[in-house]
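Worksheet for the structure shown next.
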Amino acid sequence: MTAAPPSALVTGIAGGIGQAIGRALSAAGYAVLGIDRPGVPAPAADVCARFLNLDLARLAADPVAAPEAQALAQALDAAPPALLVNNAAVQHLGAVDALDWAQVQETLAVNLAAPVALVRAALPGLRAARGTVINITSVHARATKPGFWAYATSKAALDGLTAALAVELGPDVRVVALAPAAVATEMLEAGFAGRADARAALAHAHPAGRIARPHEVADAVVWLASAAAGFITGSTLSLDGGVLARLHDPA
């Protein structure tokens, strides 16, 4: 009798990075349940075997009684996950005294509180499988720039959550974080349309001489979930092309 493939839950599955992660995990033998916000169409079958539209901000607001919580529980009962990838995020930009308060709350809900709610919901399956949680954070957790304060704060907190949950859940569940720098998704490239010089400057800011490709984030996720990374927990791996090592000053 052939064993069922391990199940993986990936949030933000419809974005450029999410699709790459789902596709790589599927190729690695996982049955992927993808989650993205309401109204987003299901990705291709090679990205995820099952798809669920879920409002993560509403889940974070009431992870017990919200309709989103009930839908999530049903999906996880059908296939308890051995792997949870908290990839979904929102990035609202603005000065600290100008950013709309609702956007601040949404940032903290989706980027920080929702991962906690998802870990709690997935915990029985994770424990049974001695599985892994991978939190997709950001280089902005360590080095940021004006306007990114809400996003950077949420990602720094997610790094802290990673360490705390590794202590809380070990040795049954490993918890690690992956912090990419800029990634060449379709959304990022669209933002540089007609601005080739700015795109080149961004690439040059990385000692690697370029920005990351989505499949490189996905490959790192597959490796972190594997037995080869079995002694890594509580840590954040920077996938940054060296950008965090570079000192930018006016001299």
Side-chain angles (χ1 to χ4, degrees), residues 6 8-12 17-18 21 25 35 56-57 59-60 63 72 76 80-91 104-145 148-183 212 216-246:
L9 171 60
V10 180
T11 65
I17 293 173
I21 292 172
L25 288 173
I35 289 178
L56 291 179
L59 175 69
L72 178 64
L76 298 185
L83 172 64
L84 167 61
V85 183
N86 284 310
N87 169 64
V90 296
Q91 187 183 82
V104 176
Q105 291 178 308
E106 184 187 20
T107 300
L108 296 175
V110 173
N111 298 5
L112 179 61
V116 177
L118 287 158
V119 168
R120 290 174 64 155
L123 198 50
L126 292 168
R127 279 183 166 142
R130 295 186 70 84
T132 305
V133 177
I134 301 176
N135 295 319
I136 306 300
T137 65
S138 170
V139 294
H140 281 274
R142 288 181 51 197
T144 192
K145 50 192 177 182
F148 283 78
W149 66 274
Y151 178 75
T153 298
S154 70
K155 292 300 189 178
L158 192 55
D159 277 351
L161 177 68
T162 298
L165 287 183
V167 174
E168 189 78 17
L169 301 180
D172 297 332
V173 179
R174 288 192 304 120
V175 187
V176 295
L178 180 64
V183 181
E216 291 175 311
V217 180
D219 290 346
V221 167
V222 172
W223 181 76
L224 284 170
S226 74
F231 198 58
I232 302 176
T233 191
S235 300
T236 298
L237 173 66
S238 293
L239 187 73
D240 67 345
V243 74
L244 289 175
R246 186 170 209 160

Taking side chain as C-beta onward, heavy atoms only, is [X] less than 4.5 Å from [Y]?
X	Y	answer
Leu9	Leu76	yes
Thr107	Trp149	no
Val175	Val119	no

[X] [atom1] to [Y] [atom2] distance, which is reported to the nearest 0.5 Å:
X	Y	atom1	atom2	result
Ile21	Leu83	CD1	CG	9.5 Å
Leu178	Asp240	CG	CG	10.5 Å
Ile35	Leu56	CD1	CG	6.5 Å
Leu239	Ser138	CG	OG	11.0 Å
Leu169	Arg174	CG	CZ	12.5 Å
Leu108	Thr153	CG	OG1	7.5 Å

Would you say the side-chain atoms of [X] pair up with the backbone N or O of [Y], donor to acceptor, closer than 3.5 Å?
X	Y	answer
Arg130	Pro171	yes
Asn87	Gly12	yes
Arg142	Ser238	no

| request: Please determine which of Leu158, Leu237, Leu161 meets the side chain to side chain contact (heavy atoms under 4.5 Å, CB included) test together with Thr137. | output: Leu158
To check you understand the geometry: which heavy-atom pair defines the closest contact between [X] and [Y], and what is its length?
X	Y	value
Ala60	Ala109	CB-O, 3.7 Å
Ala141	Asp159	CB-OD2, 3.3 Å
Ala166	Thr233	CB-OG1, 3.4 Å
Ala179	Thr236	CB-CG2, 3.8 Å
Ala89	Val110	CA-CG1, 4.1 Å
Ala229	Trp223	CB-O, 3.4 Å

| task | Evaluate the ring planes of Tyr151 and His140, with Trp represented by its six-membered ring, and classify them as parallel (under 30°), tilted (30 to 60°) or perpendicular (over 60°). | result | perpendicular
| said: Go through it in stages, so that I can follow the logic: the residues are Glu168 and Val173, the test is side chain to side chain contact (heavy atoms under 4.5 Å, CB included), and I'd like the CA-CA distance, side-chain angles, deciding distance and then a yes or no. | reply: CA-CA 9 Å; Glu168 189 78 17; Val173 179; over 6 Å; no
| request: Check Asn111, Asn135, Thr11 against Asn86 for a side chain to side chain donor-acceptor pair (under 3.5 Å) and give me the one that passes. | output: Asn135
| Does atom CZ of Arg246 have more than 12 heavy-atom neighbours, drawn from other residues, nucleotides or ligands, at distances under 6.0 Å? | yes
| request: Start with the C-alpha gap between Val133 and Leu165, add the side-chain angles, then the distance that decides, and say whether side chain to side chain contact (heavy atoms under 4.5 Å, CB included) holds. | output: CA-CA 9 Å; Val133 177; Leu165 287 183; 5.8 Å; no
